[in-house]
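Working notes, beginning with the structure itself.
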Amino acid sequence: MTQTPDTVFQSFTETVSPDQGPPRLQKLREVMRADGLDGFMIPRADVHQGEYVAPCDDRFAYLTGFTGSAGFCIALQDKAGVFVDGRYRTQVRAQVDASVFTPVNWPETKPADWLKDAIPNGGKVGFDPWLYTPEQLEAIELGLKDSGINLIATENLVDRIWPDRPAPPQGAVRVYPEALAGKSHAEKRIELAKVLKDAGQTAAVITLTDSLAWLLNIRGSDIPRNPVAHGFGILKDDGAVSLFIDDAKLNKAVRTHLGKHVEIAPPDSFTKALAALKGPVRVDKSSAPQAVIDALDAADVAHAFGDDPCVLPKARKTEAEIAATTEAHLRDAQAMCTFLCWFEAQPPGTITEIDVVRKLEGCRRETGKLLDISFDTIAGSGPHGALPHYRVSEASNRTLQDGELLVLDSGGQYEDGTTDITRTLPIGAPGSEECAAYTRVLQGMIAMSRVRWPRGLAGRDLDAIARFPLWTAGQDYDHGTGHGIGVHLCVHEGPQRLSRVSSVPMEPGMIVSNEPGYYREGAFGIRIENIVYVTEASTLPGADERDFLAFETLNFVPIDTRLINVDWLSKDERTWLNSYHATCRDKIAPHVTQKVREWLLAATEPL
C-alpha cells in the first residue's frame with residue numbers, strides 16, 4: 001500500500017454495527033431450518049487458522065458485529081451465544097445486540113456445556129470442517145458424549161446469507177532476504193525433511209500461512225498487518241514442497257527464488273493432492289482444518305498427528321534474525337521517542353485518540369522503512385484504557401482529558417523485524433489509585449525482565465512472576481503476560497507464550513512480549529510492554545552448575561516515571577530501571593533531533 005502524508009494504514013471506520021446482527025441472525029436461522037439443523041457454529045477463523053482474517057473470512061464479525069480478534073458464536077433457533085475471553089468482556093457488550101446475542105465467558109464456559117444446557121433434548125449442530133481443527137472438535141465432542149447432540153459437517157451457512165461477501169485477497173508475494181533469515185529455504189526444507197524421515201513420515205501438511213512464509217523465505221500481503229500469503233503446502237520427506245497458491249501472486253523473481261524443488265499448484269487442487277499422497281502423512285491437529293483429515297481418510301491415506309514441523313524452528317530465531325529485529329526495534333524506538341516528545345507538549349483537552357494514532361504512525365513513516373503497522377494501534381484514554389484491545393473509531397474517538405491515563409500499544413512492520421511496545425502515559429496529574437496500580441504493573445514487568453530460570457521451564461512456570469505484585473493487592477489481569485512474536489511476520493506467533501496455559505519450554509532465540517497490566521472497567525487501564533528474547537544466562541559467582549536461561553530486552557523507550565510510587569520500589573528494581581533508562585539514552589540519543597534528545601535526557605533521569 002502506498003501512502004500519502006495525510007493517510008495512515010489504520011482505518012477509523014466501523015464496518016459492522018449491532019443493528020445489523022438481528023436480521024442476519026434471522027436469515028441464518030432460516031437456512032438452518034431448511035438444512036434440518038438445530039444450530040450452527042461460527043468461529044473467528046479462516047481455513048489457515050490464523051488469528052487475523054481477511055474481510056472475506058470475517059464471518060463472526062459479519063453475523064454478530066463483534067470485531068475482537070478471538071471468539072466464536074453458536075447460533076440456535078431460540079438463542080445465540082457469543083463466546084469471548086477476558087480481554088473482550090466489556091467490548092462485546094458494546095458491539096452486539098443483547099436482545100438476540102448473549103455474551104458468554106469463555107473459556108470458563110465450554111461450548112459443549114453451553115450446548116447441553118441450551119438444547120438438553122439433543123439436536124444437530126452444524127460446523128464448517130474447513131474452519132475447525134480436529135483438536136477443537138475432539139474437545140467439543142468429548143464434552144457432548146451421551147448428550148444426544150451431534151456435530152454435523154456442512155458447508156458454511158453464513159456464506160449463503162452474505163450477498164456482498166468480499167472477494168478473496170490477491171496480494172503479491174515477495175522474496176524475503178536470506179541475509180535477514182539466516183538460512184536459505186533449501187536448508188530449511190532439507191532439515192525438516194530429515195525430521196519427517198526420522199519419524200517414518202512421508203510428508204507433512206502445512207496450513208499455517210506464517211509457517212509457509214518462514215519455510216520458503218517469502219512474505220505476502222493478503223492480510224493487513226501480517227505479511228503472509230494465503231496458501232497451503234505439502235512438505236515431502238525428500239525436501240520438495242508443493243505450494244498451493246494463486247499463480248497471479250507470484251512474479252518472476254519469486255518463482256526463480258523458489259526454484260525447481262518447489263512445485264506451484266492452484267489452491268483448488270490441494271484436496272486432490274492430499275488424496276494422492278502415500279502415508280503416513282503428518283498433520284497438526286491443533287492447526288490443520290478437519291477437512292484435511294476428511295480428505296486423507298476418504299482416500300485411505302494414513303495420517304499421524306504431530307506438530308507443524310515449521311513451528312518450533314521458526315520460533316528459535318537465528319542469530320541473523322535476532323540481529324535484524326534488534327535493528328528494527330532500535331529504529332522503532334527512535335520513532336517512539338519522537339512521538340513521546342511531541343505528546344508531552346500537548347496540553348490536556350487538545351488532542352484526541354485518533355490524533356495520537358495518526359501522529360505515532362507518522363513518526364514511524366518518517367523512518368523511511370515502515371511497510372505497515374504490526375496491528376491496529378491501541379490508543380485508549382480514560383475508560384477506553386480498560387479495554388485491552390480497544391480500537392478507536394470515528395464513533396468512539398474521545399479527547400484526552402486532564403487526570404486520565406492513555407494506554408498506547410503499537411508496533412511497526414519493517415523488513416528486518418516486527419515491533420510491539422506499550423507505554424501508559426499520564427495526561428496531566430494522575431490519581432493515587434492509578435499510580436498504585438501502575439507501580440505494581442511496573443514491578444511485575446521488571447521482575448519478568450530480570451528473571452533467570454533453569455532450562456526446561458515453560459511459560460506457565462514464569463507467568464506468575466509478573467502477577468505477584470498485583471496479587472499482593474488482590475488484583476490481576478485477564479490476558480497472558482506475553483505472546484510470541486515473529487521477525488517480519490505475525491505480531492502474535494506461537495507456540496511459546498508467557499501464559500498459565502502454555503506448556504512449551506522456553507528455548508534460546510524465542511521472542512516473547514513482557515506485558516503485565518491492570519484494568520478497572522469504566523475508569524482506567526495500565527499496561528507496560530517490552531519485547532524480550534531468550535538467551536543463555538551468564539554464570540553467577542557461587543551458582544550451582546545448572547543450565548540457566550534469561551531474557552534480553554529489545555525495546556529501548558523510556559518508561560514514564562511520573563506514575564511511579566518510587567518508595568515502593570526495591571533497590572534492585574530501581575537499579576534495573578535506572579540501568580534500562582541509561583541504555584535507552586545511550587542507544588537512542590545519537591539518532592534523534594536535538595529537541596527529542598533533550599526530552600530523552602529528561603525522561604531517563606535516574607530515580
More than 12 heavy atoms of other groups within 6.0 Å of [X] [atom1]:
X	atom1	result
Lys285	NZ	yes
Glu319	CD	no
Asp547	CG	yes
Phe305	CZ	yes

Checking Asn514, Thr481, Leu498, Val512 against Leu462 for side-chain contact (heavy atoms from CB on, under 4.5 Å), the one that qualifies is Leu498
Does a side-chain heavy-atom distance below 4.5 Å link [X] with [Y]?
X	Y	result
Val487	Ile511	yes
Trp214	Ile206	no
Val407	Leu387	no
Thr207	Val47	no
His389	Ser69	yes
Lys369	Glu415	no
Leu131	Asp57	no
Thr424	Glu529	no

Note: Lys236-Glu263 ion pair, threshold 4.0 Å (strictly below)
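Salt bridge absent between Lys236 and Glu263.
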Are Arg87 and Asp85 close enough for a salt bridge, meaning some N to O gap below 4.0 Å?
yes
Any donor-acceptor N/O pair, His48 side chain to Gly231 backbone, under 3.5 Å
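Answer holds: yes.
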Among Lys183, Lys188, His185, Glu187, exactly one meets side chain to side chain donor-acceptor pair (under 3.5 Å) together with Asn217. Which residue is that?
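Exactly one candidate clears the test, Lys188.
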What are the two closest heavy atoms between [X] and [Y], and how far apart are they?
X	Y	value
Leu371	Phe9	O-CZ, 3.2 Å
Ile373	Glu361	CG2-OE1, 3.8 Å
Arg364	Gly412	NE-N, 3.9 Å
Ile234	Ala203	CG2-CB, 4.0 Å
Gly480	Ser499	CA-CB, 4.5 Å
Val254	Leu250	CG1-CD2, 3.9 Å

For Gln49 and Gln136, what are the C-alpha separation, side-chain angles and deciding distance, and is it a side-chain contact (heavy atoms from CB on, under 4.5 Å)?
CA-CA 11 Å; Gln49 291 298 316; Gln136 291 170 328; 4.1 Å; yes
Which of parallel (below 30°), tilted (30 to 60°) and perpendicular (above 60°) describes [X] and [Y]?
X	Y	result
Tyr580	Trp576	parallel
Phe83	Phe72	parallel
Trp453	Phe551	tilted
Phe66	Tyr88	perpendicular

Does any pair with a residue in residues 246-258 pass side chain to side chain donor-acceptor pair (under 3.5 Å), and if so which ones, sequence neighbours excluded?
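Only Gln170-Asp246, Asp222-Lys249, Asp247-Arg255 qualify under side chain to side chain donor-acceptor pair (under 3.5 Å).
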Evaluate side-chain contact (heavy atoms from CB on, under 4.5 Å) for Arg423 paired with Asn530, printing each intermediate quantity in order.
CA-CA 9 Å; Arg423 292 294 182 263; Asn530 275 348; 2.9 Å; yes
For the pair Thr419 and Met336, evaluate side-chain contact (heavy atoms from CB on, under 4.5 Å) and give the outcome as yes or no after the intermediate values.
CA-CA 11 Å; Thr419 68; Met336 278 292 300; over 6 Å; no
Could you give me the CA-CA distance, side-chain angles and deciding distance for Arg59 and Asp46, then say whether salt bridge (charged side-chain N to carboxylate O under 4.0 Å, His left out) is met?
CA-CA 9 Å; Arg59 300 171 179 90; Asp46 62 13; over 6 Å; no
Could you state the interatomic distance from OG1 (Thr202) to CG (Leu235), rounded to the nearest 0.5 Å?
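The CG atom of Leu235 is 10.0 Å from OG1 of Thr202, to the nearest 0.5 Å.
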Pairwise distance CZ(Phe244) to CG(Asp268) - rounded to 0.5 angstrom
10.5 Å
Please report the C-alpha distance between Arg331 and Asp416 in whole Å, then the side-chain angles of each, then the deciding distance to 0.1 Å, and finally whether the salt bridge (charged side-chain N to carboxylate O under 4.0 Å, His left out) criterion is met.
CA-CA 10 Å; Arg331 183 187 311 117; Asp416 49 1; 2.7 Å; yes
Taking it one step at a time, do His492 and Glu51 satisfy side-chain hydrogen bond (donor to acceptor under 3.5 Å, both in side chains)?
CA-CA 8 Å; His492 288 173; Glu51 178 179 352; 2.8 Å; yes
Please lay out, stage by stage, how Ile223 and His230 fare under the test side-chain contact (heavy atoms from CB on, under 4.5 Å).
CA-CA 8 Å; Ile223 303 292; His230 280 170; 3.5 Å; yes
Taking the six-membered ring for Trp, is the centroid-to-centroid distance between Tyr533 and His329 below 6.0 Å?
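No - the distance between ring centres of Tyr533 and His329 does not fall below the 6.0 Å cut-off.
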